[in-house]
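Structure, as structure tokens:
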Amino acid sequence: MKRGVLTLVGIVLGANIAMTQTKLSDAEVAMVAVVANQIDISYAEIAKKKARNQEVKKFAETMLSDHNSVLGLAGDLAKKLGVTPKENSVSKSLLEQAEKIEKSLNSKRGKDFDSFYIDNEVAYHEAVIAAVEDLLIPETENKELRDLLKTAVPIFKTHLAHAKSVQAKVSK
Amino acid sequence: MISTKVKLRSVFLGSFIVLFGILGTNACGSSHSPETHVIVIKGLKFLPNELTVRKGDTVKWINKDLLDHDVTEEVGREWSSGVMKNEAIYKMAIEENTDYFCSLHVVMKGKVFVK
């Protein structure tokens, strides 16, 4: 399941960017960044209510706080730059995939829920880190937007390490 | 009347006590003035993440990240700063070696050693 989620998210992000054959504009990059954060916030809101394991619950609370902070920064920067995030095939694909994951999260309970949520968090953060580092940062023209994405990378990497430590405990 | 021998003995003993007191103080280092050391929280790291101080020194943690963090004793959660927002400061006098972490980002860890 873990590898399946990673493969799916990776394929969605990578394939969509490749398939567009055109560079993402800064407005489109901004939308992908906004959507990526909003998705993890929505997963965390479900987990905060449904998680049974206290470490999973605490992890979800951290995701809520941190991704809302990053979203706030992105919003402030977009206002400052006069950029309106623009919907695109990548952001749409992310949202379509997220809808499927949310359905799965809502259908699960107890330990199954905890395992599914944290496995998805590991896979999701791995895919987002790869997409930001390998695709979004190189595609971004505006230096401030690029700097914001670079600031987000250590946050996502810490989240990934945190998710893996919780995953190891949940799988015992 | 106090004999010269007794007087000399008293002076000798008194000097010995004063001298021993001075040497003892210097050897124990208890005349060291406590210092304040700074640990910056930035990029989801404690910088430096290992610090050596003298007993009684103060460590001051400053959150320079935009995210919330905290500083919590790791083993028994014996003390915690509580949530620290950006630019928040937490100070503590250090009496013994301590391992600490951020309970919001559990992989963020640090150590303070007492020399």
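Sequence lines set the chain letters: A, B, ... in the order given, protein chains first and strands last, and positions in each chain run from 1. Predicted model, so just to flag it, every value in this text is computed and none were measured.
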Problem - Lys86(A), NZ: over 12 other non-hydrogen atoms inside 6.0 angstrom - result: no

Fill in the blank from the handout: So CG of Leu44(B) and CD1 of Ile155(A): to nearest 0.5 Å the spacing works out to 6.0 Å

Practice task
Give a yes or no on whether Leu77(A) and Leu67(B) share a hydrophobic cluster (residues Ile, Leu, Val, Met, Phe, Trp, Tyr; joining criterion: side-chain heavy atoms under 4.5 Å apart).
Solution key: yes

Exercise for the section: Step through the shown structure and confirm whether more than 12 heavy atoms of other residues, nucleotides or ligands are within 6.0 Å of NZ on Lys57(A). Expected result: yes

Fill in the blank from the handout: Closest non-hydrogen atoms of Leu104(B) and His162(A), given as atom of the first, atom of the second and distance, are O-CE1, 3.5 Å

Handout entry: Shortest non-hydrogen contact between Pro154(A) and Gly43(B), atoms and distance
Key = CB-O, 4.4 Å

Problem - ILVMFWY cluster, Leu47(B) and Val153(A) together (side-chain gap under 4.5 Å) - result: no

Practice task
Count the heavy atoms belonging to other residues, nucleotides or ligands that lie under 6.0 Å from CD of Glu35(B), then report whether that count exceeds 12.
Solution key: yes

Practice task
Report whether Val35(A) and Leu64(A) are members of the same hydrophobic cluster (ILVMFWY, side-chain heavy atoms less than 4.5 Å apart, transitive linking).
Solution key: no

Practice task
State, with a plain yes or no, whether a side-chain heavy atom of Asp68(B) is found less than 4.5 Å away from one of Ser65(A).
Solution key: yes

Exercise for the section: State, to 0.1 Å, how close Ser165(A) and Val106(B) come at their nearest heavy-atom pair, and which atoms those are. Expected result: OG-CG2, 3.9 Å

Exercise for the section: Examine whether an atom of Leu73(A) lies under 4.5 Å from a heavy atom of chain B, and if so say whether it belongs to the side chain, the backbone or both; otherwise answer neither. Expected result: side chain

Practice task
Could you go through the side chain to side chain contact (heavy atoms under 4.5 Å, CB included) check for Ser69(A) and Leu66(B) one step at a time?
Solution key: CA-CA 7 Å; Ser69(A) 294; Leu66(B) 291 164; 5.9 Å; no

Practice task
Decide whether Val132(A) and Ile129(A) are clustered together by the hydrophobic rule: side chain heavy atoms of Ile, Leu, Val, Met, Phe, Trp, Tyr closer than 4.5 Å, transitively.
Solution key: yes

Problem - Hphob cluster co-occupancy, Val59(B) + Phe101(B), side-chain heavy atoms under 4.5 angstrom - result: no

Exercise for the section: Decide yes or no on side chain to side chain contact (heavy atoms under 4.5 Å, CB included) for Thr158(A) and Lys45(B), but give the supporting numbers first. Expected result: CA-CA 9 Å; Thr158(A) 300; Lys45(B) 288 180 178 8; over 6 Å; no

Fill in the blank from the handout: For residues 80-97 of chain B against chain A, heavy atoms under 4.5 Å, the residues are none

Handout entry: Contacts of Lys55(B) that satisfy salt bridge (Lys or Arg N to Asp or Glu O under 4.0 Å) - sequence neighbours left out
Key = none

